[in-house]
Amino acid sequence: MAGVLYVAPEPAHAAGTTYYVDSAGGNDTNPGTSASAPWATLAKVNGTTFQPGDKILFKSGSVWTGQLWPKGSGASGNPIVIDSYGTGAKPIMNGAGTSYPANTSGAVMLYNQEYWEINNLEVTNFSSSIVSSRAGILVYNNQPGLKNHIYVRNCYVHDVNSDVNGNKNSGGIIFFGTHIDKDGKATVGLQAGFNDVLVENNHVANVTKEGIRTKSDAGNGYPKISTNVVFRGNFVEEVWGDGMVLAEVLSGALA
């Protein structure tokens, strides 16, 4: 993309490290590895490649504006965990109308990543200007095969607006396997999906288009590829399209 300077993510300090982020009391020059010396910004988090076993804890009551897109993947039995710390309201991620990737974007996003758990966030993604499909929490896979172990629990996702004429890859909590990469390059026939997905005890409200959904699009069909997908104990209301849909799924449950 013209005019965009890419800065390679810096590695996290050590596997199994806990990082703290406080929008009001933090500073990105801090080590971030204690509640007394937290980071401050999403840019710092997004510019870090996290390792298996790491935790990223956002301070309760804090608010961030922009897209949360941390880098790296966990490993089997050793996921990377996003959660809150302290007392009070859930930390808020306000995407304020994300627009990248142009195909579909999320206020909280994972791209070609696996072994992540996202807990206890409040997420919104609203703007009066709609230039692309968007979601609250978006898990986006553009690599052949399945990305493993993505859990989303106890989040409040609300007020997400998107193109109502667009595809069903927008809304509240979306798992999207697609032949189109983040920069719009299409590889027709590429089949991408997910395995070991748990979406549990979330509240989704006032979103366009879908509440909670999986979707796989190969460009020449919709392959049933995802496995072990469970939506359980969620509350969905005031959704423009479908409430909860297990689409292109070989095995799963809705409870």
Side-chain angles (χ1 to χ4, degrees), residues 1-15 17-74 79-86 89-127 129 131-132 134-140 142 150 152 155 157 159-160 181-183:
M1 297 176 62
V4 175
L5 176 64
Y6 175 75
V7 178
E10 62 184 74
H13 299 112
T17 302
T18 299
Y19 297 90
Y20 298 83
V21 195
D22 179 347
S23 62
N27 191 308
D28 287 347
T29 63
N30 288 337
T33 52
S34 69
S36 61
W39 293 340
T41 70
L42 296 183
K44 183 66 175 180
V45 177
N46 294 346
T48 301
T49 299
F50 295 93
Q51 305 298 317
D54 285 351
K55 294 181 180 179
I56 311 163
L57 304 183
F58 292 92
K59 188 172 183 180
S60 297
S62 288
V63 179
W64 288 266
T65 299
Q67 184 180 61
L68 172 60
W69 180 4
K71 309 306 187 292
S73 285
I80 301 168
V81 177
I82 294 173
D83 212 325
S84 62
Y85 75 98
K90 287 178 168 59
I92 296 174
M93 303 296 159
N94 179 4
T98 56
S99 59
Y100 182 80
N103 185 33
T104 189
S105 61
V108 177
M109 192 171 84
L110 299 175
Y111 177 77
N112 294 343
Q113 294 163 263
E114 59 186 345
Y115 297 104
W116 281 81
E117 298 182 0
I118 301 170
N119 307 310
N120 297 307
L121 300 181
E122 180 177 345
V123 181
T124 184
N125 198 3
F126 183 90
S127 171
S129 174
V131 297
S132 67
R134 59 174 74 113
I137 298 174
L138 174 66
V139 185
Y140 189 136
N142 171 245
I150 308 291
V152 181
C155 292
V157 181
D159 295 290
V160 179
D181 74 8
K182 60 183 176 59
D183 296 312

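Scope of the values below: all heavy atoms of this structure, side chains included, with no hydrogens, waters or symmetry mates.
Separation of atoms CG (N142) and CG (D181) is listed at 5.0 Å; rounding is to 0.5 Å. Atoms CG and CE, from L42 and M93 in turn, are 5.5 Å apart once rounded to the nearest 0.5 Å. To the nearest 0.5 Å, atoms CD1 (I118) and SG (C155) are separated by 7.0 Å. Atoms OG1 and CD1, on T124 and I92 in that order, are 9.0 Å from each other to the nearest 0.5 Å. Note that the CG atom of N46 and the CG atom of L68 stand 5.5 Å from one another [nearest 0.5 Å].
Taking S127 as the reference, nothing meets the side chain to side chain donor-acceptor pair (under 3.5 Å) condition, with sequence neighbours excluded. Residues meeting the side chain to side chain contact (heavy atoms under 4.5 Å, CB included) test with A96, sequence neighbours left out: T65, N94. For Y140, the ring-ring contact (aromatic ring centres under 6.0 Å, His included) test picks out Y111, F176, with sequence neighbours left out. Scored by the side chain to side chain donor-acceptor pair (under 3.5 Å) test, E114 finds N148 as partners (sequence neighbours excluded). The side chain to side chain contact (heavy atoms under 4.5 Å, CB included) check on A35 picks up Y20, Y85, with sequence neighbours excluded. The ring-ring contact (aromatic ring centres under 6.0 Å, His included) check on W64 picks up F58, with sequence neighbours excluded. Among residues two or more places apart in sequence or in another chain, the side chain to side chain donor-acceptor pair (under 3.5 Å) test is passed with S34 by S36. Take K55 and apply the salt bridge (charged side-chain N to carboxylate O under 4.0 Å, His left out) test, not counting sequence neighbours, and it matches no residue. Judged as a side chain to side chain contact (heavy atoms under 4.5 Å, CB included), and not counting sequence neighbours, the contacts of D28 are W39, A40, T41, K44. S84 pairs by the side chain to side chain donor-acceptor pair (under 3.5 Å) definition with nothing, not counting sequence neighbours.
When all heavy atoms of P91 and S60 are compared, the pair lying nearest together is CD-CA, 4.1 Å. G25 and P38 get closest at one heavy-atom pair: O-CG, 4.2 Å. K182 and P101 get closest at one heavy-atom pair: O-CB, 3.3 Å. Pairing each heavy atom of T104 with each of L138, the nearest pair is O-CD2, 3.6 Å. Across every non-hydrogen atom of K90 and E122, the tightest pair is CB-N, 3.9 Å. Closest non-hydrogen pair, S23 versus S62, comes out as OG-CB, 3.2 Å.
The salt bridge (Lys or Arg N to Asp or Glu O under 4.0 Å) pairs that include a residue from residues 95-104 number zero, where partners must be two or more places apart or lie in different chains. For residues 56-67, every residue pair satisfying the salt bridge (Lys or Arg N to Asp or Glu O under 4.0 Å) rule, not counting sequence neighbours, is listed here: D22-K59.
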Please report the C-alpha distance between F50 and I82 in whole Å, then the side-chain angles of each, then the deciding distance to 0.1 Å, and finally whether the side-chain contact (heavy atoms from CB on, under 4.5 Å) criterion is met.
CA-CA 11 Å; F50 295 93; I82 294 173; over 6 Å; no
Please lay out, stage by stage, how M109 and Y100 fare under the test side-chain contact (heavy atoms from CB on, under 4.5 Å).
CA-CA 10 Å; M109 192 171 84; Y100 182 80; 5.8 Å; no
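Counting only N and O atoms by type, the side chains of N125 and T98 include a donor and acceptor under 3.5 Å apart. For the 3.5 Å distance criterion, the side chains of D83 and N120 qualify, holding a donor opposite an acceptor.
Of the possible donor and acceptor atoms, one in the side chain of Q113 sits under 3.5 Å from a partner among the backbone N and O of G72. With Q51 contributing its side chain and T17 its backbone, the two residues share no donor-acceptor pair below 3.5 Å.
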